Colleague: 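Encoded as structure tokens, here's the structure I'll be asking about.
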Amino acid sequence: MKRRELPASIQSSIYNFQFLMRTLPRSFYLRPTVRVARDLLGKYIVRVLRGRKLTGKIVEAEAYCEGDRASHSYRGRTKRNDVMFWEGGHLYVYFTYGMHFCANVVTRKAGRGEAVLIRAVEPIGGVDVMLKNRSGRNRRIARQSLSNLTNGPAKFCEAFRITREQNGIDLLGNQIYILNGVRIPESKVGRSARIGVNNGRERRWRFFVKGTAWVSR
DNA sequence: TGGACGATCCCCT
DNA sequence: GGGGATCGTCCAT
């Protein structure tokens with residue numbers, strides 16, 4: 001039996017799909033941090049949890065750089081912020097306000113201490129698991145509205161069950177990774193000062209996708 | 001060894 | 001829009 005060629009349009013779709021589903025390479029993370037923050041918009045972060053895949057489209061991110069007074073790394077390397085100084089492409093998770101975790105993508109080469117805080121994602125897959133993760137503490141939460149699920153850095157971590165145990169994970173591994181996505185056009189990218197930051201308020205290093213319900217505040 | 005505070009969230013007014 | 005929850009981290013004694 002003769003093997004038939006797939007129509008060009010389908011071949012193109014398959015190619016696009018494979019491109020979308022490709023894990024971001026190390027080189028993506030080694031670039032300047034502000035660029036990485038902007039380019040993370042529209043990418044898909046995947047968390048493998050007990051055989052389930054939780055997927056979110058990144059819609060808000062903030063850059064924290066070397067010499068930046070708002071950054072955890074500003075006062076040098078400590079036990080807490082150690083992962084920030086690892087090579088780009090690792091996950092830096094920190095604990096704050098006595099009850100919340102926040103997740104960052106480490107950038108640049110080892111020793112720099114720069115990272116991008118993931119502030120919000122749009123839930124794409126595994127929403128049922130996210131709902132469970134978010135309503136575990138008797139909270140009404142996301143039942144009110146799905147946008148409450150992941151529209152903040154600590155909410156994202158709770159929904160994706162990211163805690164200190166995930167601190168230092170390599171994003172080129174198979175537990176938590178980030179897939180390529182469609183590039184968000186410049187016209188849809190918003191930019192502002194970072195949230196909750198006083199030192200460094202003049203730096204407009206927060207990037208978000210305009211018009212989505214999952215951007216914080 | 002103590003104290004101030006934080007890249008937040010939720011509930012109540 | 002304001003305050004309380006809640007605890008690890010860091011720096012000053």
Side-chain angles (χ1 to χ4, degrees), chain A residues 29 32-38 40-41 45 56 58-86 88 90-108 112-123 130-169 171 176 190-209 213-217:
Chain A
Y29 301 105
T33 305
V34 174
R35 290 250 302 278
V36 174
R38 187 258 176 258
L40 276 173
L41 300 181
I45 183 161
I58 299 171
V59 295
E60 184 179 351
E62 287 177 353
Y64 288 85
C65 298
E66 195 175 56
D68 169 11
R69 304 221 309 161
S71 173
H72 286 175
S73 63
Y74 182 68
R75 293 169 202 280
R77 197 164 179 164
T78 66
K79 193 176 170 185
R80 179 204 199 193
N81 66 22
D82 192 66
V83 173
M84 255 187 116
F85 290 84
W86 293 10
H90 289 88
L91 195 71
Y92 165 52
V93 182
Y94 67 85
F95 183 66
T96 191
Y97 291 103
M99 60 187 80
H100 297 303
F101 292 99
C102 294
N104 302 252
V105 170
V106 178
T107 56
R108 311 215 61 165
R112 289 282 299 206
E114 304 196 7
V116 173
L117 171 69
I118 297 177
R119 287 197 56 90
V121 308
E122 176 182 334
M130 295 182 205
L131 273 166
K132 267 187 209 157
N133 290 344
R134 287 276 289 132
S135 53
R137 293 186 216 157
N138 255 349
R139 294 187 195 151
R140 296 183 264 164
I141 306 201
R143 260 172 284 257
Q144 307 161 343
S145 133
L146 265 191
S147 62
N148 271 330
L149 207 47
T150 52
N151 63 339
K155 296 181 192 178
F156 159 67
C157 280
E158 194 175 45
F160 278 60
R161 201 168 286 186
I162 292 173
T163 68
R164 70 181 88 254
E165 289 176 30
Q166 281 68 49
N167 189 31
I169 276 184
L171 295 171
I176 300 177
R191 188 170 178 168
S192 77
R194 294 166 293 181
I195 307 283
V197 165
N198 290 315
N199 287 330
R201 180 153 278 287
E202 70 283 0
R203 311 214 180 268
R204 296 170 65 240
W205 286 348
R206 168 175 176 255
F207 297 90
F208 58 95
V209 179
W214 283 273
V215 167
S216 62
R217 288 230 292 203

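Remember, predicted model here, so these are calculated numbers, not experimental data.
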Colleague: Suppose we screen for side-chain hydrogen bond (donor to acceptor under 3.5 Å, both in side chains). Which residues come up paired with Ser71(A), at least two apart in sequence or across chains?
Modeller: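 Partners of Ser71(A) by the side-chain hydrogen bond (donor to acceptor under 3.5 Å, both in side chains) criterion, ordered by chain and then number, come out as Ser73(A).
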Colleague: Tell me: OH of Tyr92(A) to C1' of dA7(B), nearest whole Å?
Modeller: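 From Tyr92(A) OH to dA7(B) C1': 9 Å.
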Colleague: Would you write out the dot-bracket form of DNA chain C, 5' to 3', with Watson-Crick and G-U pairs under 3.5 Å, [ ] for crossing pairs, | for pairs to other strands and . for unpaired bases?
Modeller: |||||.||||||.
Colleague: Using a 4.0 Å cut-off to any heavy atom of chain A, which nucleotides of DNA chain C are the first and last in contact, reading 5' to 3'?
Modeller: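 Span of nucleotides near chain A: dA5(C) to dC11(C).
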Colleague: Under 4.0 Å between a side-chain N or O of Arg119(A) and OP1 or OP2 of dT8(B)?
Modeller: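 For dT8(B), OP1/OP2 do have a side-chain N/O of Arg119(A) under 4.0 Å.
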Colleague: So which atom in Cys157(A) and which in Ala103(A) form the shortest heavy-atom distance, rounded to 0.1 Å?
Modeller: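 For Cys157(A) versus Ala103(A), the nearest heavy atoms are SG-N, 3.5 Å.
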Colleague: Can you tell me which residue among Arg194(A), Arg119(A), Arg191(A), Arg38(A) is in a salt bridge (Lys or Arg N to Asp or Glu O under 4.0 Å) with Glu62(A)?
Modeller: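 For Glu62(A), the salt bridge (Lys or Arg N to Asp or Glu O under 4.0 Å) test succeeds with only one of Arg194(A), Arg119(A), Arg191(A), Arg38(A), which is Arg119(A).
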Colleague: Could you give all pairs that pass the side-chain hydrogen bond (donor to acceptor under 3.5 Å, both in side chains) test and reach residues 195-204 of chain A, with sequence neighbours left out?
Modeller: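 Sorted result for residues 195-204 of chain A: Arg69(A)-Asn199(A).
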Colleague: Can you check the distance between dA7(B) and dG1(C), where both ends of the measurement are the P atom (answer in whole Å)?
Modeller: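 Rounded to whole Å, the distance is 22 Å.
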Colleague: Could you tell me the separation between the OH atom of Tyr94(A) and the P atom of dC5(B), rounded to a whole number of Å?
Modeller: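 Whole-Å distance recorded here is 18 Å.
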Colleague: With a 4.5 Å heavy-atom cut-off, do Val93(A) and Thr163(A) have their side chains touching?
Modeller: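 No, too far: nothing below the 4.5 Å cut-off.
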Colleague: Check the distance between dT8(B)'s P and Arg206(A)'s CZ and give it to me in whole angstrom.
Modeller: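 Going from Arg206(A) (CZ) to dT8(B) (P), I get 11 Å.
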Colleague: Counting N and O atoms only, with roles assigned by atom type, does the side chain of Asp68(A) sit under 3.5 Å from a partner on the main chain of Cys65(A), one being a donor and the other an acceptor?
Modeller: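 Yes; at least one donor-acceptor contact below 3.5 Å.
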Colleague: Hey, are the side chains of Tyr29(A) and Val116(A) touching, using non-hydrogen atoms and a 4.5 Å cut-off?
Modeller: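 No. Closest side-chain heavy atoms not under 4.5 Å.
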Colleague: Separation of Arg203(A) atom CZ from dA7(B) atom C1', in whole Å?
Modeller: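 Distance check: Arg203(A) CZ to dA7(B) C1' gives 16 Å.
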Colleague: Nearest whole angstrom, please: distance from the P of dT8(B) to the NE2 of His100(A).
Modeller: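 Between P of dT8(B) and NE2 of His100(A): 9 Å.
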Colleague: Base, sugar-phosphate or nothing for Ala70(A)? Non-hydrogen atoms, less than 4.0 Å.
Modeller: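 Base, at least one base heavy atom under 4.0 Å.
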Colleague: Between Phe160(A) and Phe156(A), how do the two ring planes meet: parallel, tilted or perpendicular, split at 30° and 60°?
Modeller: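 Ring orientation, 0 to 90° scale: tilted.
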Colleague: In whole angstrom, give the distance that lies between atom CZ of Phe95(A) and atom C1' of dT8(B).
Modeller: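 After rounding, the gap between these two atoms is 11 Å.
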Colleague: Would you mind reporting whether Met84(A) and Asn104(A) have side-chain heavy atoms less than 4.5 Å apart?
Modeller: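 They are not in side-chain contact.
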Colleague: Looking only at side-chain atoms of Lys155(A), point me to the closest of dA7(B), dC9(B), dT8(B).
Modeller: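 Closest of the options to the side chain of Lys155(A): dC9(B).
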Colleague: For the residue pair Tyr92(A) and His72(A), categorise the inter-ring angle as parallel (less than 30°), tilted (30 to 60°) or perpendicular (more than 60°).
Modeller: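 Rings of Tyr92(A) and His72(A): perpendicular, as their planes differ by over 60°.
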Colleague: Output the rounded distance in Å from CD (Glu60(A)) to P (dT8(B)).
Modeller: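 Computing the Glu60(A):CD to dT8(B):P distance gives 10 Å.
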Colleague: Thr150(A): which residues meet the side-chain hydrogen bond (donor to acceptor under 3.5 Å, both in side chains) condition with it, sequence neighbours left out?
Modeller: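 Thr150(A): no side-chain hydrogen bond (donor to acceptor under 3.5 Å, both in side chains) contacts found.
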Colleague: Using a strict heavy-atom distance below 4.0 Å, which residues from residues 72-84 of chain A are in contact with DNA chain B?
Modeller: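 By residue number: His72(A), Met84(A).
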Colleague: How long is the line joining CZ of Arg69(A) and P of dG6(B), in whole Å?
Modeller: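 Value for this atom pair: 12 Å.
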Colleague: Within this structure, what is the CZ-CG distance for the pair Arg134(A) and Leu146(A), rounded to the nearest 0.5 Å?
Modeller: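 Taking CZ in Arg134(A) and CG in Leu146(A), the distance rounds to 11.0 Å.
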